[in-house]
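Take a look at the structure below.
Hydrogens, waters and symmetry mates are skipped; everything else that's a heavy atom, side chains included, is used.
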Amino acid sequence: MVVTHQAAGGAAPAAPLPLATRPVYPAAVRLPLAEKLNDRHVPDPYRWLEDEEDLACGRWLEAQERLLAAHAPSWSSRSYFRALLGELQGLGGAQVPVATPPVCRGALRFFLHRPRGAELPQLVVSDDREMQASAGRVLFDPMAADPGGLTFLTVWRPSWSGRLVACQLTRRGSESPELCVVDTASRRVADERLSLARPTPVAWLPDDSGFYYVTGAAGRRQVRLHLLGRGSSADLVVFETPHAHLSVAVSPDGRWLTVSSAPGAQTGNDLYLADLAARTAAGTGLRLIHHGSQERTSALLKSAPNGLLYAVTDAGAPCGRVCRVDPDRPHYAAWSTLITAGLEDLLTACTALTDPASGQTRFLVGTSHRGAARLALHDVAGRRLADVPAPGTGPGTISGLSTPPGGGGEVFFTYTDFVTPPAVYRFSARQGRCRPYTPPGIDGTSTRPAASASVPSPVVRHLTFRSHDGTEVGLYLIEPAALPEGPRPTILTAYGGFGALAAPAFSPTITAWVRAGGRYAIAQVRGGGEHGTAWHAAGSGVNKPSCFADFAAAADHLIDQGLTTPDRLAIKGSSHSGLVVAAALTRHPERYAAAVCSDAPTDMIRYPLMGIGPLWATEFGTPDDPEQLDVLLSYSPYHQVKPGTPYPAILLTGAHTDPRVGSAHIRKFTAALQYATTSPKPVLLRTEADVGHGQRTATRWADLTADTLAFCATHTGLTPPDHR
């Protein structure tokens, strides 16, 4: 790479002439800096904003805070949204439910529970043998450990007996956790603390004597065995790989060790298996049984009762299948297919359980059929025994299927949809049906609060539209009941990355906007996982522009159908969804009245140098490749900002330090937009300290969300009912 400086006479380009009503933005030096990549000169005038420790960057951020404070009072509906979000978040959401399905260890049940009014979820343990109200016991409360709300329980895993729990804690937005082992009875730390670079899976040994975990830096990731009481210096390295993604698991009976490694997100994985009962002093005996990183296919190996091994994979089945694995011939080539997702179905989950009447192993399989969640019971030969009525009747999501170790006749899971807050259910093989589940010692009204009877449920519609190349794309539309015909203020969003589903789920954000009288639309654009691996591939790498084209077509469809108008349409997204929004507003600024872009990668040339960007090469491509560089430049929002353009009202939000995406993305994009826009509509930046990429207390979440919704309402003309 060669850095060059380009400018006529060595001077920075002249700024566009300001309009009389154009906001006065904080001064930001525009450097005549360009980088030479594959014979292309790529401008980067705000590179100095990458250094968050720089004094000039600090002064610029302070000025942005003052500008935001000057504009925020004009968001007249903020108090309405703040009060409503405070009420709605008590119902839970997809990211922070009121309660999670229990992890069962004998008679013990471990789960997260967020009591009404609590800032953060607590880790609770209850005992099925004790049914009195006091049986539920808080094992770890983040707010008790840190009343400032800056410590988060990110990952936790109980040992097979339930006597110990490995807890991973992060602080002040960091994603480098501290792992501590907590004694369930005493709630005291039972072993030395381990400092980790990233969160890790924990695979306990069957006798609770230690666990496998993942550590190491990029390019040298390791699975290690840690034995309690022996010190981390004695930890044994059992596997090492240059792959960035690494996980480890041990079967409940302690016999099978599985290791999965992958070069990146959604790149396919390599799967290794070892029989710990047969291992020797020479090593674990891990052997490669699935080479998915080469074939770009993924597989997950699972253990079932009666010694059965099975795999859930997209190899040979883009929408998923379940295969039986012979321990004597475990290589992928010998796997036998048991269950394949049906036409227009997507396999979403599978777990094994025991039929208490016959003692036979059964599979409970979850699928999504055009967005509707379905459950079915199969035998070990894959034969469909029965359809299991799932909660809900329309588009919905079942997640977190879990079975007690070693079998049992019950399965726990979470169900939610756009109008139903997430709730825990239990499927009973004996009864053949699902029922709501409340762990012992927890007040059921706190885990499933009833919605207000005076507020009609929103109406949910699933639409389809054609993208620029004729591809049919789905679109969820959530709107108030009995809404008069005609255009309404609307928020449009999409995720469209890393094969993630735009799954139907209850959201306090969506519900608040719809209660205020607006429409909320979610486009199922390419790059997501709604139609399996092929749909993801169609919107990733050099195909990533299809994701943005689909999003633009969704906006056109909403306008063409008379559901909204350009002056009443806002777009909103965070992380990869924020990239979609940033690309949309720079490509077609005239289509939108407002945009909210949060925690997003926006400099697609330097993204590999920020946060964990190196892990995303297969999702976005690399600027080191000439063809991929051209694709990246074609949509990189930071580089697509054009001076002299009347951009819509824009609110950018992010953390002072974002260890995942890199906070410089939002800063640089803000400076570029403020320099370029000729519109009287504001370009504002809202930043927070000590929150990282996402986790925050309930209060801070409600404050942020109220700001974003009130901003959208102000610039799309939405007036909540009690503000008219």
Heavy atoms from other residues, nucleotides or ligands near CD of Glu590 exceed 12 (cutoff 6.0 Å): yes
Stepwise side-chain contact (heavy atoms from CB on, under 4.5 Å) check, Trp535 with Leu501: CA-CA 10 Å; Trp535 193 250; Leu501 289 169; over 6 Å; no
Pairwise distance CD(Glu175) to CD(Gln695) - rounded to 0.5 angstrom: 8.5 Å
Pair Ile478-Thr511, side-chain contact (heavy atoms from CB on, under 4.5 Å): steps then yes or no: CA-CA 9 Å; Ile478 305 98; Thr511 304; over 6 Å; no
Short side-chain to backbone donor-acceptor contact, Ser679 and Tyr647, under 3.5 Å: yes
Distance-only donor-acceptor check, side chains Ser598 and Thr653, under 3.5 Å: yes
Nearest non-hydrogen partners of Leu684 and Trp75, listed with the distance: CD1-CZ2, 3.8 Å
Atom of Ser663, atom of Ala655 and distance for their closest heavy-atom approach: CB-O, 3.1 Å
Gap between atom CZ of Arg296 and atom CG of Asp314 - 0.5 Å precision: 10.5 Å
Residues Thr493, Ser577; criterion side-chain hydrogen bond (donor to acceptor under 3.5 Å, both in side chains); working and verdict: CA-CA 7 Å; Thr493 190; Ser577 179; 3.3 Å; yes
Sidechain-backbone polar pair: Thr490 side chain, Arg488 backbone, donor-acceptor under 3.5 Å: yes
pair Leu475-Phe465: side-chain heavy atoms closer than 4.5 Å: yes
Any donor-acceptor N/O pair, Thr348 side chain to Gly366 backbone, under 3.5 Å: yes
Side-chain donor/acceptor of Ser636 to backbone N/O of Leu633, under 3.5 Å: no
For the student: nearest non-hydrogen atoms of Cys350 and Phe363, plus distance: SG-CD2, 3.8 Å
Salt-bridge present (Asp345, Arg370; N to O < 4.0 Å): no
Centroid-centroid under 6.0 Å between Tyr476 and Phe418 rings: yes
CA sep, side-chain torsions, deciding dist, call: Asp703, Arg78, salt bridge (charged side-chain N to carboxylate O under 4.0 Å, His left out): CA-CA 9 Å; Asp703 288 343; Arg78 189 194 184 280; 3.7 Å; yes
Option passing side-chain contact (heavy atoms from CB on, under 4.5 Å) with Thr564 (candidates Ile491, Leu492, Thr716, Ile559): Ile559
No-hydrogen, no-angle side-chain donor-acceptor test under 3.5 Å, Ser575 and Asp599: no
Interatomic distance, Arg515 atom CZ to Phe81 atom CZ [nearest 0.5 angstrom]: 12.0 Å
Asp603 bridged to Arg667 by N-O distance under 4.0 Å: no
side-chain contact (heavy atoms from CB on, under 4.5 Å) evaluation trace for Glu688 with Leu704: CA-CA 9 Å; Glu688 289 183 79; Leu704 170 62; 4.1 Å; yes
Side-chain donor/acceptor of Glu479 to backbone N/O of Val459, under 3.5 Å: no
Test side-chain contact (heavy atoms from CB on, under 4.5 Å) applied to Leu652 and Thr602, Val596, Val581, Thr670, the passing residue: Thr670
Minimal non-hydrogen separation, Asn269 against Ser298, with atom names: OD1-CA, 3.1 Å
Heavy-atom check, side chain of Arg606 versus side chain of His665, under 4.5 Å: no
Student check: side-chain heavy atoms of Pro608 and Pro623 closer than 4.5 Å: yes
Value rounded to 0.5 Å, distance of CG in Leu85 from OG1 in Thr509: 6.0 Å
Donor on one side chain, acceptor on other, Thr697 and Arg700, under 3.5 Å: no
Side chain to side chain, Tyr635 and Met604, heavy atoms closer than 4.5 Å: yes
Close side-chain approach of Ser402 and Thr351, heavy atoms under 4.5 Å: no
Reported CZ-to-CD1 distance for the pair Arg519 and Ile510, which is rounded to 0.5 angstrom: 15.0 Å
Arg374/Asp387 salt bridge by N-O under 4.0 Å criterion: no
Ring pair (Phe, Tyr, Trp, His ring centres under 6.0 Å) between Phe669 and Tyr638, intermediate numbers included: CA-CA 5 Å; Phe669 191 44; Tyr638 174 59; 7.7 Å; no
Residues Tyr425, Phe412; criterion ring pair (Phe, Tyr, Trp, His ring centres under 6.0 Å); working and verdict: CA-CA 6 Å; Tyr425 284 79; Phe412 299 93; over 10 Å; no
Derivation of the side-chain hydrogen bond (donor to acceptor under 3.5 Å, both in side chains) call for Thr565 and Arg568: CA-CA 5 Å; Thr565 56; Arg568 282 178 273 196; 3.0 Å; yes
Thr677 side chain vs Gln674 backbone, donor-acceptor pair below 3.5 Å: no
Electrostatic pair Asp469:Arg526 at N-O distance under 4.0 angstrom: yes
Modelled atom types, side-chain donor and acceptor of Asn543 and Ser546, under 3.5 Å: no
Arg660 side chain reached by Met610 side chain, heavy atoms, under 4.5 Å: no
Distance-only polar pair, side chains of His536 and Glu530, donor-acceptor under 3.5 Å: no
Shortest non-hydrogen contact from Arg591 toward Asp556: NE-OD1, 2.6 Å
Ring pair (Phe, Tyr, Trp, His ring centres under 6.0 Å) assessment of Phe711 paired with His715: CA-CA 6 Å; Phe711 179 85; His715 293 285; 4.7 Å; yes
Point-to-point distance, once rounded to the nearest 0.5 Å, from CD1 of Ile339 to CG of Leu347: 8.0 Å
Test item: Phe427 and Val388 side chains (from C-beta on) under 4.5 Å apart, heavy atoms: yes
Expected output: side-chain Thr420 to main-chain Asp417 donor-acceptor under 3.5 Å: no
Which atom of His576 lies closest to which atom of Phe498, heavy atoms considered: CD2-CE1, 3.9 Å
Donor-acceptor contact present, side-chain Thr586 to main-chain Ala582, <3.5 Å: yes
Worked check of side-chain contact (heavy atoms from CB on, under 4.5 Å) between Tyr80 and Thr719: CA-CA 10 Å; Tyr80 168 87; Thr719 303; over 6 Å; no
Thr414 side chain to Ser399 side chain, donor-acceptor N/O pair below 3.5 angstrom: no
Neighbour count above 12 (heavy atom, 6.0 Å) for Glu485 CD: no
